[in-house]
J.: 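Pasting a structure here, questions to come.
Every chain is numbered from 1, with letters handed out A, B, ... down the list of sequences. Since this is a predicted model, take the numbers as computed values, not measurements.
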Number of protein chains: 2
Amino acid sequence: MEKAESTIAQMRKGVLEMSVLAAINGNEAYASDILERLKHAQLIVVEGTLYPILTRLKNEGFLSYRWEESTSGPPRKYYSVTQAGHDFLNELQSGWNDMVSSVSMLLTINHSTEPTNI
Amino acid sequence: MEKAESTIAQMRKGVLEMSVLAAINGNEAYASDILERLKHAQLIVVEGTLYPILTRLKNEGFLSYRWEESTSGPPRKYYSVTQAGHDFLNELQSGWNDMVSSVSMLLTINHSTEPTNI
DNA sequence: ATTTAGTACTATGTATTGCATAGTACTGTT
DNA sequence: AACAGTACTATGCAATACATAGTACTAAAT
């Protein structure tokens, strides 16, 4: 169902930012590493989606980067999470956990044997 | 942190649609009931946000409604989930569960004692 | 009959991010 | 110099949550 896919894409809004931060947290990485870590977590992201997120997070002070030369192509940006980014990630995680909890309640409330209004 | 709040608001995109369907599923309701059920699940939603979601879901065939007179104000729209809506909800739930699983992996990968690149 | 308060719903525009696409630049190989 | 692979930048579109303003219905009060 096409509509389900587009709604799931909507669900990724906000979640990818948190996931990218989490994928880097404590373990500096460049774009290809990050894509691999996300893929390992079954979160498929392409470069055209990742780079704007990295740029935005860096501009907001949640990530910093250093350039490193490469022998197999252009130089690479190695990202790491700043202290502000770590704090931001903690807040996002807290909000995310609340949301997961809420959704869990909602997805189970009508599976009880309580009578309905039908 | 204002930015965390706006990102959490972004996370609600797509999730509220699923939550509204879940709140109605098997238990027809009008807007005020739905807001109460969402509130009970700690998912705070206001009318200006709920009505467009209901309208959109109805237009897409996932909800249907019947009017019922009220003695305390205008007539009310009682919504119920259609078969298509039930199928849609199942697909959303599946995608949501996958996403929750992915995020869970990402939020824990760097808490291990494995050496990092620092 | 008119006005008021409470209630239920509709209409509309803004902000934001994921996404797709096109482009530029670097490196080693041919 | 040209090419393939790699890394990154730039840009516009689509979709939904949100806030705000508005219309309409009902009972009660005047």
J.: Decide ring pair (Phe, Tyr, Trp, His ring centres under 6.0 Å) for B:Tyr78 and B:Tyr30; before the verdict, give the C-alpha distance in whole Å, the side-chain angles of both, and the deciding distance to 0.1 Å.
T.: CA-CA 4 Å; B:Tyr78 276 89; B:Tyr30 81 114; 5.4 Å; yes
J.: Output yes when at least one side-chain N/O atom of B:Arg56 is less than 4.0 Å from OP1 or OP2 of D:dA17, else no.
T.: yes
J.: Picking from D:dC18, C:dT27, D:dA7, which would you name as closest to the side chain of A:Tyr30?
T.: D:dA7
J.: Rounded to whole Å, please give me the gap between CD1 in A:Ile44 and C1' in C:dA20.
T.: 17 Å
J.: Take atom CG of B:Asp33 and atom P of C:dT7, then tell me their distance rounded to the nearest Å.
T.: 14 Å
J.: Within the structure provided, determine whether B:Leu106 and A:Leu38 are in side-chain contact (heavy-atom separation under 4.5 Å).
T.: yes
J.: In this structure, how many angstroms lie between the C1' atom of D:dA19 and the CD atom of B:Glu5, rounded?
T.: 16 Å
J.: If you assign A:Pro74 and A:Gly48 each to the DNA chain C nucleotide with the nearest heavy atom, which residue ends up on the more 5' nucleotide?
T.: A:Gly48
J.: Specify the residue among A:Gln10 and A:Glu47 whose closest nucleotide of DNA chain D lies further upstream toward the 5′ end.
T.: A:Glu47
J.: Would you call A:Lys3-A:Glu5 a salt bridge at under 4.0 Å N-O?
T.: no
J.: From the options C:dA8, C:dT10, D:dC8, select the nucleotide whose nearest atom is closest to the side chain of B:Thr55.
T.: C:dT10
J.: If you look at every strand shown and take non-hydrogen atoms under 4.0 Å, does B:Glu68 touch a base, only sugar-phosphate, or nothing?
T.: nothing
J.: Phosphate oxygens OP1/OP2 of D:dC18: is one of them under 4.0 Å from a side-chain N or O of B:Arg12?
T.: yes
J.: Whether A:Lys77 contacts D:dT9 is assessed here as follows: a side-chain N or O lying under 4.0 Å from the phosphate OP1 or OP2. Is that the case?
T.: yes
J.: A:Thr71 near the nucleic acid: base, sugar-phosphate alone, or nothing, with a heavy-atom cut-off under 4.0 Å?
T.: sugar-phosphate
J.: Measure from CG on B:Leu21 to P on D:dT16 and round the result to the nearest Å.
T.: 13 Å
J.: Measure OH/B:Tyr78 against C1'/C:dT7 and give the value in whole Å, please.
T.: 12 Å
J.: Does B:Lys13 place a side-chain N or O at less than 4.0 Å from the phosphate oxygens OP1/OP2 of D:dC18?
T.: no
J.: Does B:Tyr51 make a side-chain N or O approach to OP1 or OP2 of C:dA11 shorter than 4.0 Å?
T.: no
J.: What orientation do A:Phe88 and A:Phe62 show, parallel under 30°, tilted 30 to 60°, or perpendicular over 60°?
T.: parallel
J.: Send over the distance from A:Ile53 CD1 to D:dT11 C1', rounded to a whole Å.
T.: 16 Å
J.: Roughly, in whole Å, what's the span from CD1 in B:Ile34 to C1' in C:dA8?
T.: 12 Å
J.: Return the value, rounded to whole Å, for the distance between atom CH2 of A:Trp67 and atom C1' of D:dT6.
T.: 13 Å
J.: From the options D:dT26, D:dA17, C:dA8, select the nucleotide whose nearest atom is closest to the side chain of B:Glu17.
T.: D:dA17
J.: According to a strict under-4.0 Å criterion, is B:Thr49 in side-chain N/O contact with OP1 or OP2 of D:dC18?
T.: yes
J.: State whether B:Lys58 places a side-chain N or O below 4.0 Å from either non-bridging phosphate oxygen (OP1 or OP2) of C:dT10.
T.: no
J.: Could you check whether any side-chain heavy atom of B:Arg76 comes within less than 4.5 Å of a side-chain heavy atom of B:Trp67, counting everything from C-beta outward?
T.: no
J.: Identify every side-chain donor-acceptor pair in residues 42-57 of chain A under 3.5 Å, counting partners at least two apart or on other chains, and give the distances.
T.:
from    : atom 1 : to      : atom 2 : distance (Å)
A:Thr55 : OG1    : A:Tyr51 : O      : 3.0
A:Arg56 : NE     : A:Glu17 : OE2    : 3.0
A:Arg56 : NH2    : A:Glu17 : OE2    : 3.0

